[in-house]
Amino acid sequence: MALAFSSSPAIHGSLSSSHEQSKVGSQFGSFQHLDRPHILSSSLNVSRRRSAAVKPLNAAEPKRNNSIVPSAATIVAPEVGDKVEEEDYEKLAKELENASPLEIMDKALAKFGNDIAIAFSGAEDVALIEYARLTGRPFRVFSLDTGRLNPETYKFFDTVERHYGIHIEYMFPDAVEVQALVRSKGLFSFYEDGHQECCRVRKVRPLRRALKGLRAWITGQRKDQSPGTRSEVPVVQVDPAFEGLDGGLGSLVKWNPVANVDGKDIWNFLRAMNVPVNLLHSQGYVSIGCEPCTRPVLPGQHEREGRWWWEDARAKECGLHKGNLKQDTLNGNGNGAVHANGSTTVADIFDTKNIVSLSRPGIENLLKLDDRREPWLVVLYAPWCQFCQAMEGSYVELAEKLAVSGVKVAKFRADGDQKTFAQKELQLGSFPTILFFPKNSTRPIKYPTENRDVDSLMAFVNALR
Ligand code: SF4
């Protein structure tokens with residue numbers, strides 16, 4: 001909900017609250033615990049970012065239960081060696097393209113130790129947990145409890161915990177955000193205006209919190225799941241959308257060990273290993289998500305047809321893997337919420353009471369003033385931009401920290417009709433661009449780096465205020 005806002009009298013804006021069966025068969029037919037200790041490759045090179053030089057936990061004598069940390073959201077910085085290990089993940093992905101899921105899982109766990117966790121949805125991605133068990137290494141599992149899951153899924157979580165002797169690290173949505181959404185738009189707003197907003201509150205933001213405590217995560221993404229969005233998923237990549245513990249894009253690695261495995265081969269694996277499965281699968285469900293947004297599919301229907309069936313297939317990502325969405329899907333008028341009738345819905349970002357939404361006249365007046373009452377920090381953004389989405393958590397947190405500091409924090413949507421103006425007058429190169437308007441100067445100062453974590457942004461503000 002947007003409320004009219006005026007701070008400095010001349011500034012107008014708004015405040016917003018806001019693989020083949022045989023192949024896999026041969027793979028698991030030869031499963032055995034990999035030799036220990038595992039020798040990490042030390043010659044992989046060319047990293048975009050520093051990655052974890054973390055010793056694998058208990059590599060010689062794995063004790064799984066000891067590896068479980070109570071909450072991914074509250075992880076303290078782990079022990080990191082002096083060595084800064086560099087890795088070229090595009091090269092590594094090519095090297096591992098024909099590796100088995102077990103080999104990929106082992107590589108991931110060995111490399112990141114306690115700084116990596118499996119994202120478990122309560123569906124057939126239980127295969128990831130089985131692969132992790134087969135490595136003999138300690139591993140962590142987290143899951144997003146959106147509050148809207150099927151009873152069968154909750155029961156399945158309990159079954160998996162007991163079967164493997166693990167504690168799943170559940171992440172929950174922020175109660176205030178859920179309350180605001182449900183009070184203002186009801187319990188089923190996603191049927192009216194797209195699933196993006198609800199998914200952002202109930203899934204994406206909790207996921208972002210979890211990932212901020214990690215350096216790598218493991219997903220069950222497969223190329224055959226969604227021809228529109230997952231056909232090019234690599235087995236490992238620098239996460240294109242989320243930040244890890246060290247902050248900034250490039251600080252998180254995403255492992256997709258079953259990227260090249262067909263759905264039917266996953267099921268052959270689960271049966272062969274006698275792995276427990278969600279009872280919903282026996283009722284026709286293939287892909288399983290939240291109860292209101294998931295339905296069984298008929299034989300021959302693609303599994304994604306059971307998710308958000310009222311929306312266009314091109315945009316069927318909930319935001320957890322939004323880096324998969326291509327620009328031609330994201331562009332147009334919206335941020336990916338494309339409806340069956342072809343209309344699109346723009347779901348804004350940076351929606352919080354601490355961030356002022358500036359209109360064009362508002363930011364023009366801000367530009368003209370040479371004696372402002374307070375300094376301003378303004379992000380020039382586009383809601384469909386994945387880099388803007390990736391920094392949303394940091395910017396919101398920064399705004400909270402600056403709320404009582406006398407520094408105004410704002411946003412200006414600079415795509416579409418505003419882009420030319422923003423390029424000419426506001427130094428817009430690419431999204432997002434962050435500007436600091438000092439108290440006594442007309443010329444805004446452009447934030448010079450791509451480190452968009454809270455501490456880096458705060459250091460920038462503190463140096464100039
Ligand atoms: Fe909300 Fe449906 Fe997304 Fe679950 S899948 S978070 S209920 S929109």
Side-chain angles (χ1 to χ4, degrees), residues 18 73 119-125 142-154 156-157 168 170-211 219-221 225-226 228-230 241-242 278 280-281 284-297 302-325 329-330 334-340 343-349 351 383-384 389 392-393:
S18 352
F120 176 46
S121 73
E124 82 276 22
D125 53 354
F142 75 94
S143 193
L144 307 176
D145 182 351
T146 64
R148 303 298 294 267
L149 304 177
N150 296 75
E152 289 87 346
T153 300
Y154 289 110
F156 183 49
F157 284 149
I168 297 171
Y170 298 104
M171 299 299 297
F172 298 93
D174 181 271
V176 172
E177 290 182 2
V178 173
Q179 187 173 289
L181 173 65
V182 173
R183 284 186 178 181
S184 65
K185 296 181 128 185
L187 284 163
F188 297 95
S189 59
F190 35 84
Y191 292 140
E192 303 291 327
D193 58 10
H195 71 274
Q196 302 286 349
E197 184 176 14
C198 181
C199 279
R200 191 158 62 235
V201 169
R202 294 180 184 270
K203 289 183 173 179
V204 178
R205 286 177 177 156
L207 175 68
R208 182 175 289 127
R209 273 190 278 120
L211 297 179
T219 86
Q221 287 191 101
Q225 278 174 319
S226 185
T229 62
R230 299 191 181 182
F242 291 100
N278 192 320
L280 288 172
H281 292 301
Y285 291 79
V286 181
S287 178
I288 295 173
C290 292
E291 185 277 336
C293 303
T294 312
R295 64 180 182 181
V297 292
H302 193 278
E303 64 183 76
R304 293 305 268 189
E305 291 182 56
R307 303 290 294 278
W308 308 296
W309 57 91
W310 62 94
E311 297 179 10
D312 187 287
R314 288 173 301 166
K316 290 195 178 183
E317 291 289 356
C318 57
L320 308 190
H321 306 292
K322 58 192 173 189
N324 297 338
L325 295 176
T329 299
L330 294 168
N335 67 349
V338 185
H339 302 290
S343 66
T344 57
T345 302
V346 177
D348 204 7
I349 55 178
D351 270 342
W384 45 263
Q389 294 165 5
E392 185 180 20

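Keep in mind that this is a model prediction, so the values were computed, not measured. For the numbers below, each heavy atom of this structure counts, side chains included, while hydrogens, waters and symmetry mates do not. For ligands, and for the atoms within them, numbers begin at 1 and follow the listed sequence.
- Using a cutoff of 4.0 Å between basic side-chain nitrogens and carboxylate oxygens, E392 and R205 are scored as salt-bridged.
- For ligand 1, the atoms lying closer than 4.0 Å to a non-hydrogen atom of C293 are 2 (Fe), 5 (S), 7 (S), 8 (S).
- Distances below 4.0 Å separate heavy atoms of F190 from the following atoms of ligand 1: 7 (S), 8 (S).
- Summarising the contacts of atom 3 (Fe) of ligand 1 with G194, G147, C199, the nearest heavy atom is found in C199.
- Looking at H195 against ligand 1, both its backbone and its side chain come within 4.0 Å, counting heavy atoms.
- For K185 and E197, the salt-bridge test passes: some basic side-chain N is under 4.0 Å from an acidic carboxylate O.
- A parallel orientation is assigned to the rings of Y191 and F188, their planes being inclined by less than 30° (bins at 30° and 60°).
- A donor-acceptor pair under 3.5 Å links the side-chain atoms of S184 to the main chain of L181, judged by distance alone.
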